[in-house]
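Structure record follows, encoded as structure tokens.
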Amino acid sequence: MEALFSLLQGMALALSWPSVLYSVGGVTLGMMVGVLPGVGPMAAIALILPVTFHVAPADALIMLAGVYYGAQYGGSITSILLNLPGTASSAVVCLDGHPMAQRGRAGAALFITTMASFIGSNLAIILLVIFAAPLARVALQFQPADYFSMMMMGLIAAATLSEGSVAKGIIMVLFGLILGMVGADVNTGAQRFTFGFTDLWNGISIVAVAMGFFGVTEVIRNLTSTSERDASIYKVTWRTLLPTGHEVRDSIWPITRGSVLGMAFGLLPGTGTSISSFVAYLMEKKISRHPEKFGQGTIEGIASSEAANNATAQSAFIPTLSLGIPADGVMALLLAAMMIHGIQPGPRFLTEHPHIFWGLIGSFVIGNLFLVILNLPLIGIWVRFLSIPYRFLAPAVILLIAIGVYSIQNSTGDIFFVIGFGMAGYVLSKLGFQAAPLLLGLVLGPMVEENLRRALLITRGDYMVFLERPISLSFLLLTAFLILSSIWTPWKRFKKRAEA
């Protein structure tokens, strides 16, 4: 009952005119970012982050969060019409969405993905309202040793549960930790790894890293891609948007299962929306009576994966806001935005800034409603927008990135950092290294170091404190389990191949 009353207060804040405008602006921009293949919510948030410095913290978070979950809606449009995923989590929609479009059912596929996104998001919002406050109350009992162990678990989870090789994930986390150590020491103020460059005295800008790895890298990748796109061949009208009764019935249970699975993945640090959407699709194919239809335009695969990725996007706010552990790279950037606005993320966020917390939750309800209202009428506009060649859009994106990163500290050095990180990100992506674990390491690194030193200062250098406290020990055991499972699974595969 207390959570419901707090949510109503948050809705009152979210319904104020400035907050509504920022929410609508964020979700509209997010939907546009989702439609544009290769841009993604990470680059968009990094790009508009400097703009939010001049608005209230609540409105800034509402806008940035709207970009994130709005992109999940828009990403399916290009997957269905062009067979090009607008976001990484929408890649699985290509498997059945584009075959449906080729059969003349593009409108029905777009309608089902919109409704699946809406249902999955709202179920996750209910979960967020129920569990965020109890989690925060439990987390208030945490001490520095517990924070250190919890954040270590988040870093290991980011490395072991993310896509690609576990070893490469760990390498990227370590690279992020090293970047986080650049600049002034958190305790002594001594300069570390600056090599005499004054631009590094305040550390490496998180925004510069995000814009480089997720903005410039994506632009380079799309410019080097040979994929052609033309959505104008698909005529999407209001009549074609209506699904048949059979398609609606076939979508109900996949949406339900995908939403539940997505909410579970959202609670796990390091997983993200991409993994949940693929797992939901594979689960649906596994339990289907006709698995041979998957990949040929079946509605179940579209509905389940789309509900899963949106449920994950919303439920990822639970560990981010309640515990201060980002569930993925986008959440890490949102944590950075909170710190820039002077808000310390973690368990005390809910008790010290309840109006911001519940206002943000209230904005989720309003934002998702606006997305349904805006998504379907704007499909025709997105179809025309997708006919613009990417070589014309790329220079505009690069210019906006340069202006955005320069406006933060008025430093030309940050522009060179963005270019360098962008080229490095492109090379690393070609080698199979994911950028999200690096960003998590960069954001959590200083907090890990600070809590480690604080715990050792309190106990006068006694490392047993990490094993003597039950909360800390629990997180360390979970960390050990993640490491062992990441080693055991490849070993089993290697053993089977050796026996074969």
Side-chain angles (χ1 to χ4, degrees), residues 3 7 27 30-31 34 41 65-66 68-76 79-80 87-93 95-97 108-132 135 161 243 247-269 271-288 294 298-321 327-328 330-331 361 363-372 375:
L7 179 62
V27 297
M31 193 160 43
Y68 177 43
Y69 60 84
Q72 309 305 321
Y73 278 73
S76 60
S79 296
I80 292 170
T87 60
S89 59
S90 301
V92 70
V93 179
L95 300 177
D96 286 289
L110 291 168
F111 181 88
I112 291 295
T113 55
T114 300
M115 298 316 297
S117 300
F118 180 74
I119 294 170
S121 296
N122 281 281
L123 288 176
I125 291 171
I126 295 172
L127 187 76
L128 181 59
V129 171
I130 294 172
F131 287 104
L135 271 176
L161 298 179
E247 289 172 335
V248 172
R249 286 192 299 271
D250 287 346
S251 302
I252 294 174
W253 281 111
I255 290 175
T256 305
R257 288 189 288 265
S259 299
V260 173
L261 184 72
M263 289 187 290
F265 270 91
L267 300 175
L268 299 174
T271 53
T273 55
S274 302
I275 296 177
S276 66
S277 60
F278 274 98
V279 171
Y281 182 86
L282 293 174
M283 179 185 71
E284 210 59 42
K285 184 177 180 180
K286 188 78 173 177
I287 64 177
S288 175
F294 282 74
T298 180
I299 200 69
E300 292 95 323
I302 298 172
S304 178
S305 60
E306 195 65 14
N309 78 56
N310 281 271
T312 302
Q314 298 284 184
S315 58
F317 284 92
I318 296 177
T320 303
L321 298 179
D328 56 17
V330 179
M331 291 292 109
I361 305 303
S363 75
F364 293 163
V365 180
I366 297 168
N368 278 283
L369 184 61
F370 269 109
L371 279 167
V372 172
N375 199 27

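Nothing fancy with the numbering, it's 1 onward along the sequence. These numbers were taken from a predicted model, which means no experiment stands behind them.
Residues forming a side chain to side chain contact (heavy atoms under 4.5 Å, CB included) with Met283 (at least two apart in sequence, or on another chain): Arg257, Leu261. Taking Ile252 as the reference, nothing meets the side chain to side chain contact (heavy atoms under 4.5 Å, CB included) condition, with sequence neighbours excluded.
Residues Ser315 and Gly262 come closest through the heavy atom pair OG-O, 3.6 Å. Residues Val93 and Glu306 come closest through the heavy atom pair CG2-OE1, 3.4 Å. Contact record, Ser259 with Gly120: OG-CA, 3.3 Å, taken as the closest heavy-atom pair. Heavy atoms only, all atoms of each residue included: Ala124 and Ala311 are closest at CB-O, 3.4 Å. Taking each heavy atom of Ile299 and Glu247 in turn, the nearest pair found is CG2-O, 3.9 Å. Annotation for Met263 and Leu123: closest pair SD-O, 3.4 Å, computed over non-hydrogen atoms.
At distances below 3.5 Å, not a single donor-acceptor pair connects side-chain atoms of Ser304 with backbone N or O atoms of Glu300. Put simply, the side chain of Asp96 never gets that close to the backbone of Phe294: no donor and acceptor are under 3.5 Å apart. A donor-acceptor pair is defined here as one N or O able to donate and one able to accept, closer than 3.5 Å; no such pair exists between the side chain of Ser288 and the backbone of Glu284.
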_Worked verdict on Ile126 versus Asn122 for side-chain contact (heavy atoms from CB on, under 4.5 Å)_ = CA-CA 6 Å; Ile126 295 172; Asn122 281 281; 5.7 Å; no
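Taking CD1 from Ile255 and CD1 from Ile119, the interatomic distance works out to 4.5 Å, rounded to the nearest 0.5 Å. Once rounded to the nearest 0.5 Å, the distance linking CH2 of Trp253 with CD1 of Ile287 reads 10.5 Å.
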Name every donor-acceptor pair, under 3.5 Å, that has one atom in a side chain of residues 363-370 and the other anywhere in the protein, sequence neighbours excluded.
from, atom 1, to, atom 2, distance (Å)
Ser363, OG, Leu360, O, 2.6
Asn368, OD1, Tyr73, OH, 2.9
Asn368, OD1, Ser121, OG, 3.2
Asn368, ND2, Gln314, OE1, 3.0
Asn368, ND2, Phe364, O, 2.7

